[in-house]
There are 2 protein chains.
Amino acid sequence: MSLDTNIRAADAIVAELESQIASGRLRNKSPLPAERELMEQFGTSRTVVREAISTLSNRGLVESKPRFRPIVSKPDYATVLSATGNVVRHLLNEPGGVKNLYQSRVFMECGLVRQAAISATKTDISDLKAALEANKNAINDSEEFYRTDNAFHGVLYQIPKNPIFPAVHEGYTSWLAPQWAQMKRLPERNLANYEAHKAILDAILERDADAAEEALNVHLKAAWEYVRVTFDMEAD
Amino acid sequence: MSLDTNIRAADAIVAELESQIASGRLRNKSPLPAERELMEQFGTSRTVVREAISTLSNRGLVESKPRFRPIVSKPDYATVLSATGNVVRHLLNEPGGVKNLYQSRVFMECGLVRQAAISATKTDISDLKAALEANKNAINDSEEFYRTDNAFHGVLYQIPKNPIFPAVHEGYTSWLAPQWAQMKRLPERNLANYEAHKAILDAILERDADAAEEALNVHLKAAWEYVRVTFDMEAD
DNA sequence: AGAACCATATTGGTCATACCAAACTGGATA
DNA sequence: TATCCAGTTTGGTATGACCAATATGGTTCT
């Protein structure tokens, strides 16, 4: 929001490098200049150069592994989401945290299936069918089922052809994965989930937004109930 | 995701301070210990302490103004969003960036008005009415109209009673504000916007989700068209 | 020629120390 | 009690040094 009195030398370097990354002067996936070089280039001490790099790293504009040259990484929506990962973890540990996130996911996907029902293209439909088929074939392999389940939902996020949505899906997947990982996954539940997916797809095929939303709602509500019981949370 | 070979001393300090903040051992809104104190406490040099603080600051867990002690700021959803602000700005400068963000906002609010139509409480309704009234009274004061316009949409984000949504609204507001700021705002447009808001509220009052969604769609589509023309972007 | 290998120059990570200016503190003063 | 000032604390920056791991380029072996 406010810019305060920002007289940090590091901020100037951050700004400059940011613009060089954005403009492509610093090519994506290529290493940043050496610290001692930047230090000369900007006429500052290595201290501030390192602070600047640290900031860029936290912003997700460079990927820095210890002992390696930081790699320029032009930001995309996935970067934004993953950069927030650490903080989100804290929020999930607060009471109601998981529920809030899950609820927002239900909200999001309700909208997605409506939109899918209304405007899914042939390609979208065949992607959904393929994902459902893979899902069906994995009913007895819970590990694989999880992946195909997630992939099915992922297709929904692709339908708007807007890069923000797949990034959000990635966020949900990675943030909620820890919860999901410690749940037992039984073939009968896999079957139920597959059938729920099928119901959703059927509704989309019939171009019935209300039915699709309803099917998705039932599906995710049931899944949540299972999560809730497993973690012994308070009811709604 | 991957933990790699994380041998950075600063990371240990970050982790420790993070957990102290989460547990409340470091009280919210209170200043962090002095750098020289942390340095002794963790047995490292001031260099790594400062790097750790910089990381915390970028994560949004402390608020650090130059020359002032960093203030502990327990993360909330708004913090997460605002921490991403810098990167999002870059994405908005890329072709289609603003459009993608705006489209996601339309998507979000379509869902919100549907939900409002279905399950808005009396309190929600009266909040909406109050916001609309304020909106009406500001038609001739474009500065004020912008605020009330935004507030009206903000009420929609409050209806799910989920802290994630208001945070998202804050995100949209701050990210799209720069675009909005440089647009001329005429009383006749204010009036049109007010009437659009009224149509939305009317549909909500009639508990007609489809009509509410439609009204909102018309409203935001029109607003987008205005933005698009102003900035001379390509058509859809 | 191409692959495995090794000595050396780079380079990131950390430490110790120092200086400055702004912020803070507490007691003297009006 | 409110104000003001000097001394202290503290964040921002600069140097310079050392270590260990990496990157590099030439040498040797196959």
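Numbers restart at 1 for each chain; the letters A, B, ... are given by sequence-line order, proteins then strands.
At a cut-off of 3.5 Å, with distance as the only test, no side-chain donor of A:Thr55 or A:Asn58 sits close to an acceptor on the other residue. Side chains of A:Gln20 and A:Glu16: a donor on one and an acceptor on the other come within 3.5 Å. For the residue pair A:Tyr157/A:Glu170, the side-chain donor-acceptor check at 3.5 Å is not satisfied. Between the side chains of B:Ser64 and A:Arg8, at least one donor N or O lies within less than 3.5 Å of an accepting N or O.
In this structure, CD of A:Glu40 is placed 14 Å from P of D:dG16, rounded to the nearest angstrom. Computed from coordinates, the A:Phe68 CZ to D:dA23 C1' distance equals 10 Å when rounded to whole Å. Across the protein-nucleic acid pair, B:Met39 atom CE and D:dG11 atom P stand 12 Å apart, rounded to whole Å. As a whole-Å value, the separation of A:Leu32 CG from C:dG13 P is 12 Å. As a whole-Å value, the separation of B:Ile71 CD1 from D:dG11 P is 11 Å.
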Provide a list of protein-nucleic acid N or O atom pairs under 3.5 angstrom, restricted to nucleotides 6-10 of chain D.
none

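Residues from residues 44-53 of chain B lying near DNA chain D, meaning a heavy-atom separation below 4.0 Å, are B:Arg46, B:Arg50 in numerical order.
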Starting from the C-alpha separation in whole Å, work towards a yes-or-no answer on side-chain contact (heavy atoms from CB on, under 4.5 Å) for B:Lys74 and A:Leu91. CA-CA 9 Å; B:Lys74 209 165 184 178; A:Leu91 292 173; over 6 Å; no
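The shortest heavy-atom contact between A:Val49 and A:Leu38 is CG1-CB, 3.9 Å.
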Between side-chain atoms of residues 127-137 of chain A and protein atoms elsewhere (two or more places apart, or another chain), which donor-acceptor pairs fall under 3.5 Å?
{"from": "A:Asn135", "atom 1": "OD1", "to": "A:His197", "atom 2": "ND1", "distance (Å)": "2.8"}
{"from": "A:Asn135", "atom 1": "ND2", "to": "A:Thr148", "atom 2": "OG1", "distance (Å)": "2.8"}
{"from": "A:Asn137", "atom 1": "ND2", "to": "A:Glu133", "atom 2": "O", "distance (Å)": "3.4"}

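The pair B:Glu40-B:Arg36 does not count as a salt bridge, with every side-chain nitrogen at least 4.0 angstrom from each carboxylate oxygen.
With pairs defined as Watson-Crick or G-U wobble and both atom distances under 3.5 Å, the stems of at least three pairs that touch DNA chain D come out as C:1-30 with D:1-30.
B:Ala167 is linked by a side chain to side chain contact (heavy atoms under 4.5 Å, CB included) to B:Tyr77, B:Leu81, counting only residues two or more places apart in sequence or in another chain.
Sorted by first then second residue, the ring-ring contact (aromatic ring centres under 6.0 Å, His included) pairs that include residues 88-109 of chain B, not counting sequence neighbours, are A:Phe165-B:Phe107, B:Tyr102-B:Trp224.
Using modelled atom types, no side-chain atom of A:Asp149 and backbone atom of A:Tyr146 make a donor-acceptor pair closer than 3.5 Å.
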